[in-house]
*Asks:* 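Quick one: the structure is below, and I'll ask about it shortly.
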Protein chains: 4
Amino acid sequence: MPGPPLTISDVERAAAKALPPEIWDFFSGGSGDEVTLRANRTAFDEVFVTPRTLVDVAAPAMSARLLGTDATMPVAVAPIAYHKLAHPEGELAVARAAKALGIPLTVGTLSSCRLEDVAAVGGPLWFQLYWLRDRGQILDLLGRAEGLGYQAVMLTVDCPPFARRLRDMRNGFSLPETVVAANIADPHERVAHTGEAGASAIAAHTGALMSPTLTWRDVAWVRERTSLPLVLKGVLDPRDAALAAEHGVDALVVSNHGGRQLDGAPPSIQALPAIADAVGDSCQVLLDSGVRRGADVLKALALGAAGVLVGRPVLWGLAADGERGVEAVVTILRDELASVLALAGCPDLAAARGLRVTWRGAR
Amino acid sequence: MPGPPLTISDVERAAAKALPPEIWDFFSGGSGDEVTLRANRTAFDEVFVTPRTLVDVAAPAMSARLLGTDATMPVAVAPIAYHKLAHPEGELAVARAAKALGIPLTVGTLSSCRLEDVAAVGGPLWFQLYWLRDRGQILDLLGRAEGLGYQAVMLTVDCPPFARRLRDMRNGFSLPETVVAANIADPHERVAHTGEAGASAIAAHTGALMSPTLTWRDVAWVRERTSLPLVLKGVLDPRDAALAAEHGVDALVVSNHGGRQLDGAPPSIQALPAIADAVGDSCQVLLDSGVRRGADVLKALALGAAGVLVGRPVLWGLAADGERGVEAVVTILRDELASVLALAGCPDLAAARGLRVTWRGAR
Amino acid sequence: MPGPPLTISDVERAAAKALPPEIWDFFSGGSGDEVTLRANRTAFDEVFVTPRTLVDVAAPAMSARLLGTDATMPVAVAPIAYHKLAHPEGELAVARAAKALGIPLTVGTLSSCRLEDVAAVGGPLWFQLYWLRDRGQILDLLGRAEGLGYQAVMLTVDCPPFARRLRDMRNGFSLPETVVAANIADPHERVAHTGEAGASAIAAHTGALMSPTLTWRDVAWVRERTSLPLVLKGVLDPRDAALAAEHGVDALVVSNHGGRQLDGAPPSIQALPAIADAVGDSCQVLLDSGVRRGADVLKALALGAAGVLVGRPVLWGLAADGERGVEAVVTILRDELASVLALAGCPDLAAARGLRVTWRGAR
Amino acid sequence: MPGPPLTISDVERAAAKALPPEIWDFFSGGSGDEVTLRANRTAFDEVFVTPRTLVDVAAPAMSARLLGTDATMPVAVAPIAYHKLAHPEGELAVARAAKALGIPLTVGTLSSCRLEDVAAVGGPLWFQLYWLRDRGQILDLLGRAEGLGYQAVMLTVDCPPFARRLRDMRNGFSLPETVVAANIADPHERVAHTGEAGASAIAAHTGALMSPTLTWRDVAWVRERTSLPLVLKGVLDPRDAALAAEHGVDALVVSNHGGRQLDGAPPSIQALPAIADAVGDSCQVLLDSGVRRGADVLKALALGAAGVLVGRPVLWGLAADGERGVEAVVTILRDELASVLALAGCPDLAAARGLRVTWRGAR
């Protein structure tokens with residue numbers, strides 16, 4: 001990075017240099033032919049958002065209440081497995097940066113630091129739940145998260161099953177010995193270290209640990225067992241969004257898992273409007289998958305999202321420069337968002353929802 | 001192929017290395033400027049299919065009943081002429097692989113092994129009929145196929161006439177001496193061995209052997225002469241689909257002959273929805289032309305197909321590694337389809353038909 | 001050309017080698033930034049035409065009656081100035097080839113051979129009229145054309161004014177001494193030989209000779225002074241098409257002058273449907289600008305044209321190989337058209353008008 | 001420039017050679033990832049305008065009345081800061097060229113020559129107002145402009161806030177000592193000379209000088225304090241256009257500030273029709289951002305604009321060849337516009353508004 005990074009792309013390039021190729025591939029790759037991965041980005045560039053003018057925008061109010069948590073802007077860190085792959089301090093470094101800048105961090109079931117250690121850092125935290133085969137362990141994790149002050153439970157509903165991620169399969173990718181799923185009780189179940197040619201140890205480990213049988217009944221079961229706000233991550237069909245509202249879910253994340261699950265799924269920004277229409281005010285709607293710029297956040301707000309999650313950019317920052325790198329990434333997004341809100345004539349986030357959106361070539 | 005192939009593209013590359021250029025061109029080329037050939041692929045990438053979630057997809061049921069034949073998945077091998085061009089064992093190797101994996105193989109009028117020899121392998125077989133000038137020979141072929149246990153008759157209705165395939169014309173392509181149309185009675189009519197500059201011996205041979213006068217009356221004639229399910233391959237206009245239903249046809253294949261006949265015809269995936277609408281439940285609808293991935297199969301199902309045919313991928317597998325290569329191709333498709341069905345929240349194929357489909361840039 | 005040409009592109013490449021660069025530029029270039037020139041081609045590739053099937057197409061009837069003239073196919077040679085730039089025999093070689101293959105040739109006001117000399121070759125001929133400043137000369141040309149047996153008058157209505165054709169301006173293009181506007185009475189007015197840097201002598205000559213004041217009153221004036229069918233070339237707006245029908249015009253050519261006049265005009269194939277709708281049966285509709293393949297002709301027929309004009313391809317043939325080159329071009333188009341008509345299930349041209357047309361990405 | 005320039009692109013290339021890279025970047029760059037900057041150009045190429053024919057277009061009447069000022073064509077020079085960056089004579093050279101060719105020049109608050117000195121040149125002038133923090137200074141500027149005979153006040157409403165212009169940030173761009181904001185009263189406030197790495201001195205200076213609190217109340221305040229026509233520059237939302245009409249504004253400029261403010265804003269040519277619909281006859285509508293050709297002007301007229309502003313092209317001309325370069329640019333646009341109006345069958349500008357517009361791929 002010559003000079004401080006000015007864009008997420010700058011950070012991405014720095015991370016590409018800093019990371020071993022197979023870890024770079026693990027974080028940056030998608031599933032299948034990566035059609036959805038690429039579409040996530042191109043779709044954002046095909047959305048235009050029309051600025052209002054002659055509004056006093058000396059200081060746009062960016063603070064948001066996401067999943068009941070106060071945040072300095074409508075951005076949170078998406079759940080990502082194994083931060084230690086990017087940097088030895090892993091989730092702890094990310095938590096310190098997120099706390100410093102006042103945005104929520106989602107700590108994953110597959111985090112490489114324990115929930116307890118991350119909670120010790122402080123700052124607003126959410127807990128992401130994968131649907132483990134062992135329901136006792138789910139209860140254990142829910143209980144620990146709630147006890148430690150985590151402020152929301154984000155249930156990932158688009159994984160498992162685990163998709164064919166060809167880069168990892170070609171690399172025979174496995175975790176280095178120093179990185180484990182720190183929250184899993186049984187030490188034997190924590191490790192994804194034995195790669196074989198043509199197969200991903202991550203895929204095998206995930207498949208062994210998690211159950212693909214998750215249904216709405218299980219959502220109801222979780223709903224009864226936590227008093228925290230419950231958010232489902234990975235909803236793209238408006239019929240599922242409506243069902244979520246009926247099941248007492250508090251929020252949704254419109255997401256295609258960053259192009260890492262169903263290759264051929266629509267870009268999340270294209271799926272967003274129908275979801276927002278379907279739930280109206282009954283659920284909060286967040287979005288992830290492809291957010292790289294303040295302007296992307298603005299587009300998501302204009303199309304009905306209350307906020308966004310960012311995943312890879314945070315990991316890139318972590319890889320490039322540890323805690324400081326994460327701070328750089330979040331600061332770039334904050335500065336960009338402040339800038340585009342002001343430029344769009346939005347004194348606050350509610351104003352952004354009223355912006356007129358058109359698509360490339362629309363007439 | 002470094003390592004086992006993980007995608008059809010891997011197999012394609014291996015076949016490109018294994019085959020002499022003029023045979024590669026014969027299999028992989030299209031007609032005219034190959035506009036439709038390319039559009040077959042790009043159209044698939046412009047279709048997005050929206051996954052459902054929170055459905056128990058531990059083991060998607062993939063078995064299908066295609067043309068009245070049980071198959072382990074909604075995929076069959078398309079009729080392709082002269083498999084021996086790809087490998088000395090020709091259709092026999094393909095039949096063994098198809099049998100092993102439980103998918104139907106369509107044996108063509110222009111197969112390079114005799115119907116009898118392929119039938120001896122066993123496995124579900126369909127017979128593809130070209131409209132020969134000699135009606136007695138048609139009756140002979142229909143009788144042999146039915147007697148040998150072939151389970152359906154697939155009448156190709158988009159050829160002849162034979163299109164201008166420029167690669168073959170430029171190559172002056174002809175069959176090597178070892179490859180003949182083994183099912184044709186008259187030995188003199190079996191061979192397409194005399195190429196001349198600027199002309200394709202295949203085109204000349206096809207033109208001599210087959211009649212471009214095929215009409216709905218002939219469909220009725222065939223319909224009366226076989227008790228097998230009758231399927232028309234090469235229907236793209238919904239008016240023809242409706243006519244087929246009226247003529248007692250059991251199924252249709254929406255196909256542009258892999259971009260090898262009318263250059264300028266629509267991509268089959270784009271033509272599919274109107275066909276599916278036109279026939280409703282009166283005919284089964286299959287699709288071919290451009291299917292290379294499990295995700296493509298899913299998109300075809302979502303747009304109304306009961307299944308797909310794959311042609312070139314099977315030939316590429318055959319060229320790359322004989323029977324094992326074909327098994328590799330079919331296995332890749334099976335694994336990919338199982339993966340994407342599960343990822344799309346489809347416990348069975350019927351669920352796939354209910355998936356929401358959008359197109360790139362749709363709003 | 002290694003081997004005989006199989007496509008118009010083959011001929012184009014041969015012409016590019018055979019012609020001096022500034023003459024190549026004069027024939028192949030467009031106006032302005034050549035946006036319309038390029039769009040003419042890409043638009044054809046974005047149109048799909050859906051074949052019918054199970055129609056007896058042993059021998060599609062291709063003969064057409066264009067502007068009251070019998071033609072062996074729905075194709076005529078567009079008016080092009082100065083054929084001698086491409087070959088010393090100029091229009092005479094083209095006339096011999098057109099006669100041999102039975103398609104009409106439009107001889108231009110600016111032809112480099114005299115109307116009388118072309119007429120001596122025989123074959124169906126049309127006369128293209130530019131709106132000269134000297135109305136006496138217009139009458140002279142009309143009288144000569146009618147007297148010589150020319151069978152239609154094609155009045156070009158999109159030129160003058162003459163567009164900014166940057167290639168010619170940069171080349172300071174002028175005619176060689178051997179090439180003149182042979183039909184112009186005054187020898188001093190025949191020549192466009194004095195080029196200057198940054199200017200096109202063709203543009204200057206055209207501007208001096210022709211009047212940009214042509215209106216519907218003049219159309220009426222011409223209509224009264226010839227008994228031949230009258231066709232207007234260069235109509236793109238349906239309102240003008242309707243006016244033409246009101247003025248007793250027999251036919252229209254939907255054309256953007258091959259991308260050589262208004263840069264930014266729509267591709268002719270995109271403009272065609274609205275024109276065909278506007279005139280219904282009251283006028284025959286032809287199309288030019290970008291036709292390079294039999295499939296392009298088929299698309300034009302499907303969208304409502306009775307036939308097409310081809311310009312540059314004929315000139316390329318002439319440049320590459322004189323009369324034989326023109327025959328090669330026309331033969332390629334004839335063979336391609338016969339092929340695609342049969343492949344589209346069209347026993348005749350009327351059937352082509354009933355074909356279903358879709359556009360890339362349409363849904 | 002080998003030979004005289006024939007297109008604005010020729011001039012652009014000459015300017016790119018003549019200017020130091022950081023000044024080239026300052027003038028030619030956009031904000032963010034320059035998505036809107038690029039879209040401004042591609043959108044123009046996706047608009048087709050259908051010519052009328054058989055209209056007497058011997059001499060299209062191009063004169064326009066823009067903001068109450070007579071102009072020889074519907075084009076004016078957009079406000080651009082600091083012309084002296086391009087050439088030592090700065091705005092004076094541009095004013096001389098604009099006067100010679102009879103088009104209005106908008107002199108900016110941040111011009112590098114004083115309003116008085118530009119006025120001394122003569123020619124139609126407009127004054128562009130940035131919303132300075134010091135309201136006394138605004139009054140001073142308004143009074144000076146009106147007293148000096150400036151004929152309109154153009155209030156820029158899309159800046160500040162000042163966008164993230166990454167090229168300038170990466171270059172640590174600042175003004176050379178010889179270039180100052182000559183109209184600013186306090187000499188200390190005139191300079192933007194102290195660049196730092198990763199920051200733009202222009203951005204800092206603009207932020208210090210101007211207020212982002214501009215609202216409709218301020219528009220009303222200005223409206224009361226000048227008798228000149230008042231135009232708002234930077235309106236893209238039709239709701240704001242309607243508000244402008246209600247506030248007694250005389251005209252609007254549909255503009256995204258040349259892609260330099262909100263990256264992600266729609267191309268101005270795409271935003272234009274809704275604005276023109278919204279205001280009807282109550283306001284004059286101008287357009288800027290991406291105009292590079294006479295055909296672009298024609299497209300803007302056809303979609304409802306009364307005229308356009310051109311910015312960068314004028315600066316490129318200035319950089320390439322001073323006053324003569326500006327004259328070359330304006331002459332190119334004038335010649336191109338005269339040409340395309342005539343080619344589109346428009347005897348005057350009103351006719352251009354009636355032209356039929358289609359978009360690429362429209363059906």
Side-chain angles (χ1 to χ4, degrees), chain C residues 31-33 35-36 38-39 42-43 46-47 131 155-164 166 169-170 172 197-199 211-219 232-241 243-244 247 256-257 261-267 270-271 273-274 357-362, chain D residues 1-10 41-42 44-60 269 292-302 328 332-347 351-352 354-363:
Chain C
S31 56
D33 284 346
V35 172
T36 293
R38 285 188 298 276
T42 53
E46 292 177 354
V47 174
W131 198 244
L155 177 62
T156 298
V157 297
D158 62 2
C159 180
F162 198 85
R164 290 168 67 88
L166 296 168
M169 292 167 78
R170 293 191 199 285
S211 166
T213 64
L214 179 66
T215 67
W216 289 106
R217 286 187 55 183
D218 302 309
V219 171
L232 304 186
K233 175 167 174 286
V235 175
L236 289 168
D237 190 301
R239 294 169 292 184
D240 289 331
L243 284 171
H247 281 77
N256 54 39
H257 214 114
Q261 288 291 94
L262 177 62
D263 193 41
Q270 187 172 322
V357 175
T358 55
W359 294 74
R360 185 174 169 207
Chain D
M1 259 190 291
L6 297 177
T7 66
I8 302 295
S9 295
D10 291 343
R41 290 300 312 138
T42 53
F44 271 112
D45 285 354
E46 294 177 352
V47 174
F48 296 122
V49 63
T50 308
R52 297 302 301 265
T53 188
L54 290 161
V55 180
D56 180 346
V57 285
I269 193 71
R292 300 288 178 271
R293 297 187 288 225
D296 300 335
V297 182
L298 182 69
K299 291 170 182 178
L301 297 175
I332 288 169
L333 282 172
R334 188 197 61 195
D335 292 352
E336 287 181 347
L337 180 60
S339 172
V340 295
L341 278 168
L343 290 167
C346 297
L355 293 175
R356 181 179 159 92
V357 175
T358 55
W359 294 74
R360 186 176 166 203
R363 45 209 153 236

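Letters go in sequence order (proteins before strands), and every chain restarts at 1.
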*Asks:* Does any N or O in the side chain of C:Q261 come within less than 3.5 Å of the main-chain N or O of C:A163, such that one atom is a donor and the other an acceptor?
*Replies:* yes
*Asks:* Under 4.5 Å from any heavy atom of chain D, what part of C:A43 do you find: side chain, backbone, both or neither?
*Replies:*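 When you check distances to chain D, no heavy atom of C:A43 falls under 4.5 Å.
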*Asks:* Looking at D:T53, is its backbone amide N or carbonyl O close enough to the side chain of C:D240 to form a donor-acceptor pair, meaning the two atoms are under 3.5 Å apart?
*Replies:* yes
*Asks:* So does D:T7 get a backbone contact from the side chain of D:E336, meaning a donor-acceptor N/O pair under 3.5 Å?
*Replies:* no
*Asks:* Just give me the residue among C:V235, C:T215, C:V219, C:D218 that pairs up with chain D most often, heavy atom to heavy atom, under 4.5 Å.
*Replies:*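 Ranked by contacts with chain D, first place is C:T215.
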*Asks:* For D:R356, I'd like to know if atom CZ has over 12 heavy atoms of other residues, nucleotides or ligands within 6.0 Å.
*Replies:*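 Count not over threshold, so no.
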*Asks:* Does any backbone or side-chain atom of C:L155 lie under 4.5 Å from a heavy atom of chain D? Answer side chain, backbone, both or neither.
*Replies:* neither
*Asks:* Please classify the contact of D:L298 with chain C as side chain, backbone, both or neither, using a heavy-atom distance under 4.5 Å.
*Replies:* side chain
*Asks:* Heavy-atom pairs under 4.5 Å with chain D are the metric here; pick the option from C:T42, C:L243, C:L166 that has the most.
*Replies:*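 Looking at each option in turn, the highest pair count goes to C:L166.
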*Asks:* Taking every non-hydrogen pair under 4.5 Å, which of C:G198, C:G234, C:P238 racks up the most with chain D?
*Replies:*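 Most pairs with chain D among the choices: C:P238.
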*Asks:* Side chain, backbone, both or neither: which part of D:V357 has a non-hydrogen atom closer than 4.5 Å to chain C?
*Replies:* neither
*Asks:* For C:R239, what residues pass the salt bridge (Lys or Arg N to Asp or Glu O under 4.0 Å) criterion, not counting sequence neighbours?
*Replies:* C:D237
*Asks:* Below 4.5 Å from any heavy atom of chain C, which atoms of D:V55 appear? Answer side chain, backbone, both or neither.
*Replies:* backbone
*Asks:* Given heavy-atom pairs under 4.5 angstrom as the criterion, report whether the side chain, backbone, both or neither of C:A39 touches chain D.
*Replies:* side chain
*Asks:* How far apart are the closest heavy atoms of C:S211 and C:P160, and which atoms are they?
*Replies:*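 Of all heavy-atom pairs spanning C:S211 and C:P160, the closest is O-CG, 3.3 Å.
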*Asks:* Please name all residues satisfying salt bridge (Lys or Arg N to Asp or Glu O under 4.0 Å) with D:R293, sequence neighbours left out, ordered by chain then number.
*Replies:*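 Salt bridge (Lys or Arg N to Asp or Glu O under 4.0 Å) list for D:R293, sorted by chain: C:D33, D:D45, D:D296.
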*Asks:* Is it the backbone or the side chain of C:V157 that comes under 4.5 Å from a heavy atom of chain D, or both, or neither?
*Replies:*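 Both backbone and side chain of C:V157 come within 4.5 Å of chain D.
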